[in-house]
Every structure is written in C-alpha cells, then in structure tokens.
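Residue numbers start from 1 in every chain, and the chains themselves are labelled A, B, ... in the order their sequence lines are given, proteins ahead of strands. Bear in mind that the values here come from a model prediction, so they are computed numbers and not experimental data.
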Amino acid sequence: MLKSLNKTLLGAALIGVSFASHAFAETTINALFMAQAAYSEADVRAMTDAFSKANPDVKVNLEFVPYEGLHDKTVLAQGSGGGYDVVLFDVIWPAEYATNKVLVDVSLRISDDTKKSVLPGAWTTVQYEGKSYGMPWILDTKYLFYNKEILEKAGIKTPPKTWDELNEQAKIIKDKGLLATPIAWSWSQAEAAICDYATLVSAYKGDFIKDGKPDFQTGGGLDALKYMVTSYKSGLTNPNSKEFLEEDVRKVFENGDAAFALNWTYMYNMANDPKDSKVAGKVGVVPAPGVAGKSEASAVNGSMGLGITSASKHPDEAWKYITFMTSQATQNQYAKLSLPIWASSYSDPAVTKGQEELIAAAKVGLAAMYPRPTTPKYQELSTALQQAIQESLLGQSSPEDALKSAADNSGL
Amino acid sequence: MSGTSMTTRAWLLMLPLLVVMIAVIGWPLVDTVGLSFTDAKLVGTGGNFVGIDNYAKMLANSNFQRTLITTAWFAIISVAAEMVLGVLAALLLNQDFRGRGVLRALMILPWALPTVVNATLWRLIYNPEYGALNAALTQLGLIDAYRSWLGEPGTALTALIVADCWKNFPLVALIALAALQAVPRDITAASLVDGAGPFKRFRFVILPYLVGPLMVALVLRTIEAFKVFDIIWVMTRGGPANSTRTLSILVYQEAFSFQRAGSGASLALIVTLLVTVLAAAYAALVRKTAGSAT
C-alpha cells in the first residue's frame, strides 16, 4: 500500500515534472534592432537580460544593424522565409509591411488600458488603415539643440522660435566670428535628410501627399526645400551637412563646431556626457522652430515600433517580449536616450529628473509630430525626394524642378 | 590508358562540382530569368507575366543609362590605375633591397582587409570635419579650407576610385610579382650585356612574361569593378545626388528597397550579360596575346 502510494506519488511527481518541463520548454525568438540612436545597444541588451530573468522559458537572440539596413534586412529575411520573430520598424514602414504582410496585425492583443495610457500620438507609429501592427517603443522627434555658451557670447538671450530667427541668430554668430558655419543638419542622401525636410514641411504647413498624389511640389513642401537651399547657400549652414548622418551632426555639435543642430532625443544626454563631449553642460534644447503666422513649432514623427513578423512561429512569446520591452517600468528605467510612450511617465520625477529642459521641449514637440506619408511606395518616394534635396543643394536644379521630377519618380 | 577512359574519368571527377554548380548557380539563374519576365514583388504573390516589359522599361530609363555610365567610368579608371600601380609595385618589390620581405607582407594588408572595413577607414580619411586627408592637404598648403570630398559630385567618384585602388592594386601587384619571378635571370642579364635600357628591357624582355598573368588580373578586376557595391554603399550610398550610384546599387534598390523583384531580376540579368560579354572579350584577347607572346 505504502509502496504503491509511493509509486503514485512518484508518478504524480514525474508527471508534474514533465508538465513543468513542458511549460518551461525553452523557446528561442530572434529579434532585430538598430545599432545607433535612441536606446543604445547596451540598453537593449540590459532590457533583454531583465526579460530573460523574468521569463526563463524564452530565450531572445538579438541582432543589431545600422538604421540604413533595418528595412531591407527585415524584408529580405521575410522574402527568404523568415528568421526574425520581433522586428523594430520605423513609422514610415507599417503601410508597406501591412500591404505585403510582413507584420502581424496585433490590434486584438492590445488591452484597452494600454490604449488609454499610451500617448495618442505614439499610436500613429504602428497603425495603418485602423489596425495596429505592433507597439510603439521609441517615441521620437527632431529637436533644435543649441550651444548655450556660443549664444551667450553672441549676446543672444533666447533660442529661436521661428526658422527665420534661426537664420538671424546664426548670422550674428557668423558675423561675430564665433563660428564660420553655425548650423548642422543631416542632409546626406539618406532618410535622415527626409526627416529634416519633413520637419520644415510641418513648419510651413505643407503636404507630402494629397488625394493619393504627390503634393510637395508647391506650397509648404516647396517652401521647406527653398529654406534648406537658402540656408545652405548663405553659408550659415555647415556645407558638409550634405554628407552628414545624425551621428555626424552629433560629433560636430559635441566638438563645439555648431551653434545649432537638428537631431533626435538621444543627442541630449550624449552631448551632455563629459566623457565624449566638449560641450557637456552647455547643451540647450527647444522644439524645432515654427514659421511666423503658420506654426508655433515643428516636429517630424520619428518614432519606431516593435512588431511580430508573419513568419514567426512563436507569436505569443514574441508578444510577451514586446510587452516587456514597451512596458512603462522598462521605459522609465531607460529614459535617458529615448523618452517613454506612456503619458503618466512625463510627470514621474524618476524620468524627468536631470532632463527637465528636454521634457519641456518634448511636451511641445511630441504633440506637434508631423507624419511622413503612409504609403506602401514610401521607399520610392523617399529615394526620389532625397535626390531632389541633394540636386537643389548642389545647385544642379532649382527646388521647383527638383521637386517636380521627384513627384514624377515617386511611384505615386 | 586510352583517351576515352581518361575523358570519362575526368567527367566523373568533375561530376560533384557540376551538381553543385547547377544547384547554386544554374538553378537560381534560370529562376531569375523567369522572374525577370514578371511583375513579382519581393514578398507576397508570384506576380504576372509581363514579357520583356521590365527590360524595355529599364533600358529606356534615364536613371539606368546614367548609372551605366557611372559604373563604366568607375570600372575603367579604377582598373587602369590598379594595373599600372600593381605593375610598378611589383617591379619595385622584385628588386633586391633590405626590408623587401616586410614591404611585400605590408602591401598585402589592404587587400586582406574586408571591404567594409576599408570603406569605413576611407570615410574617416575623407571626413570633411576631422579627416586625415583634409588635415594633410591643408598642412601641405595645397588647399586652404577643408573640403567635402564625398559630398561633391565632382570629387565623390574619384574619392571612391582612390579607395578602391588602394584596396585592390595589391592583388595585381601580387600576380605581377609572381610572374616576374619567372623571368629567367640569364635573359635579363643578357639584355643588359646587349645594352638594352630600362624601358626597352621592360618592353621586350619582361613584359612578354607578364602579359598572360596580367590579363587574368585584368579580367578578375574588371568583373569585380563592374559589380562594385559594398565600398560605395558604405561610403556614399550612391550620393551625392546619385553621382556615385552604380549598377549593383540600382539592382539593390529596385529589388530590395522598392521590392520590385521582377524588375530587379531583369536589371541583374542585364548586368550579368554585360559582365559576361566583357569577360568573353577579354578571354579572346588573352588567347590572342598568349598565342603571340610565345
């Protein structure tokens, strides 16, 4: 009797063990991130380690590529039958990814509570035609950074509120011999240039697309490019801007070689780090300026989201990981290089402490975020616009002609 | 052993290789040809048959024509420079002098570096703010202000050609050096006795030994230069204003960035055809020169 009870117990224990081992059967998911800007690689690794500790049954393989490779790597992996379960995606890709079924519709997985607690603007990052294709993760826009010391030396009391004021202040700095070329932008033939352009388009109240057709050739779209060309030709803008990416802008600013620079959130804390930066402690940040009579401030939606690929065999584990990475606790803990998507985080001293200026700018900027167009043809449109911007800067064609051919080559 | 059984044995020995070649080159090629007649997207459904539409559109596209010229220019100049530099370096390293071994080893370094590393290195050298090239030229008094080498259409392609040459001339030098070692000493000695000057000695005594191997280097380098992708992608991504966009970058954009697999396949096949024609022309030239040299 005792023996048989023992046996039963043993059996039960064994079954229990087998269940437990089943429940804890390790699942491996692959995730693709980018290697620069916003959260650092070290931060993503630390977040993932915390996730693995809390979820020992899910193992996460991380891969990092430069932003420039993120889209193509995702699409290529999908074209060859998958490979990634979780991918980071830019705000400009949901339309294309949804149309080509690269990402899974996760609308039903998002709770009502989450829907209410996340900033409304953040949701535009992951949505296309009313459906959600992931969770917003990096909430970002371009800000105007300035070097407080240089402005002070130039006798400038407050940073510019309009783009014209920016030019006036830059001219004072140039004329006083403080810097030869005070403004730095990322105008390389890359998406970076489109983000700067879109910021200006938002200031001039222009459109990229209207009724499915390109609408940047006239009005605000044209004004924005004309502003870039004037700023470039006047010598107020660093001429090397046309081969800069965001990281180049950061280095120039951190070296004290720019009085003004347009860049993402991550530059604030990096430029304030005395280890790498010569301008630590002198970094000012304000929302990107507006245009008198048209806008108070300008901002481009440069947010990114985390989604599940349709090739994933472990969508539940992938979602668990995404939920963890985008949770308020995780985001608050790593709020130095990228600000949280959660509304209440902005009144949490743990997040705001030491970066009050950035938070103040974020409150204006994030509310004004202007979307780049959501179209499955985005990559073509962007490539055509990049060419137009560079041709205009180089004086190969007028902004009018350049934007007209961009519209013709946009695939729309 | 009879001739036939030798042939059979040779084919049998080659069989595994042939199977692999058909699997990794033959099948994808056939698949690509099929794809090039469709409007297939990279992801999603297979696409519809559109005949030679992709080819017609591509050949008529001004972007394609401009890119073809850029690619040809890049290939011609960089390969020509690599050949001249390679032969000069080989002639130098073939001399007897102290430290020759070290120099030979050093020269291989750039060629052994991965292209992406090489490209990143040159991007730093050309950096318009802190680059070594600007610093050096300013200190030498050759320029008075720092320049944006990769940001100006006038200099970007040349800057890329220099970076490509630096990486690839060692290969030519290596091949030429190996060929030089095969030149019998008594013949060069005899030409000296006969009173041939350095130029004549090179032209009539040494060059015939070099022609064959150099032709091989020329074919290899031309094909590679026509397909150039990574060095450009890392350094300029085809910019500024598309002035450094080559055919491979256009293929990449078409097929992967814009996801037009069918159109991208047709473009890839046009490039393949171009390279094949070039290689065949060279091969014919090699046979002719090899025949006349011996």
Take atom CD1 in B:Ile108; do more than 12 heavy atoms of anything else shown fall under 6.0 Å from it?
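Buried by this count: over 12 neighbours within 6.0 Å.
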I'd like to know whether CG of B:Asp144 has more than 12 heavy-atom contacts from other residues, nucleotides or ligands below 6.0 angstrom.
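No.
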Is it the side chain or the backbone of [X] that comes within 4.5 Å of chain B heavy atoms, both, or neither?
{"X": "A:Thr383", "answer": "side chain"}
{"X": "A:Glu96", "answer": "side chain"}
{"X": "A:Tyr378", "answer": "neither"}

[X] [atom1] to [Y] [atom2] distance, which is reported to the nearest 0.5 Å:
{"X": "B:Gln259", "Y": "A:Leu76", "atom1": "CD", "atom2": "CG", "result": "9.0 Å"}
{"X": "B:Phe258", "Y": "A:Leu381", "atom1": "CZ", "atom2": "CG", "result": "10.0 Å"}
{"X": "B:Asn242", "Y": "A:Gln386", "atom1": "CG", "atom2": "CD", "result": "9.0 Å"}
{"X": "B:Trp233", "Y": "A:Glu68", "atom1": "CH2", "atom2": "CD", "result": "8.5 Å"}

Any side-chain heavy-atom pair from B:Tyr130 and A:Val252 closer than 4.5 angstrom?
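In contact.
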Does any part of the side chain of A:Lys242, heavy atoms only, come nearer than 4.5 Å to the side chain of B:Pro240, both counted from C-beta?
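The answer is no, as the side chains (C-beta and beyond) never meet within the 4.5 Å cut-off.
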If I compare all heavy atoms of B:Ser148 with all of A:Glu243, which pair ends up nearest, and what's the gap?
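Closest approach of B:Ser148 to A:Glu243: OG-OE2, 2.6 Å.
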At their closest point, which heavy atom of A:Glu391 faces which heavy atom of B:Ala241, and how far apart are they?
CG-CB, 3.7 Å
Closest-packed option against chain A by number of heavy-atom pairs under 4.5 Å, given B:Gln253, B:Arg260, B:Arg147
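With the most close heavy-atom pairs to chain A, the winner is B:Arg260.
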Hey, which residues of residues 178-197 of chain A are touching chain B, say heavy atoms under 4.5 Å apart?
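Hits under 4.5 Å: A:Ser188, A:Gln189, A:Ala190.
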Name, in order of residue number, those residues of residues 393-400 of chain A that have a heavy atom at a distance of less than 4.5 Å from a heavy atom in chain B; otherwise write 'none'.
A:Leu394, A:Gln396
Distance-only donor-acceptor check, side chains A:Asn255 and B:Glu129, under 3.5 Å
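Result is no, nothing qualifies.
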Against chain A, label B:Tyr146 side chain, backbone, both or neither, depending on which of its atoms sit under 4.5 Å from a heavy atom there.
neither
Pick from A:Glu380, A:Gln379, A:Lys101, A:Lys377: which one has the most heavy-atom pairs with chain B under 4.5 Å?
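Max contact count across the listed options: A:Glu380.
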Return the option, out of A:Thr99, A:Ile389, A:Asp72, with the maximum number of heavy-atom pairs under 4.5 Å with chain B.
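With the most close heavy-atom pairs to chain B, the winner is A:Asp72.
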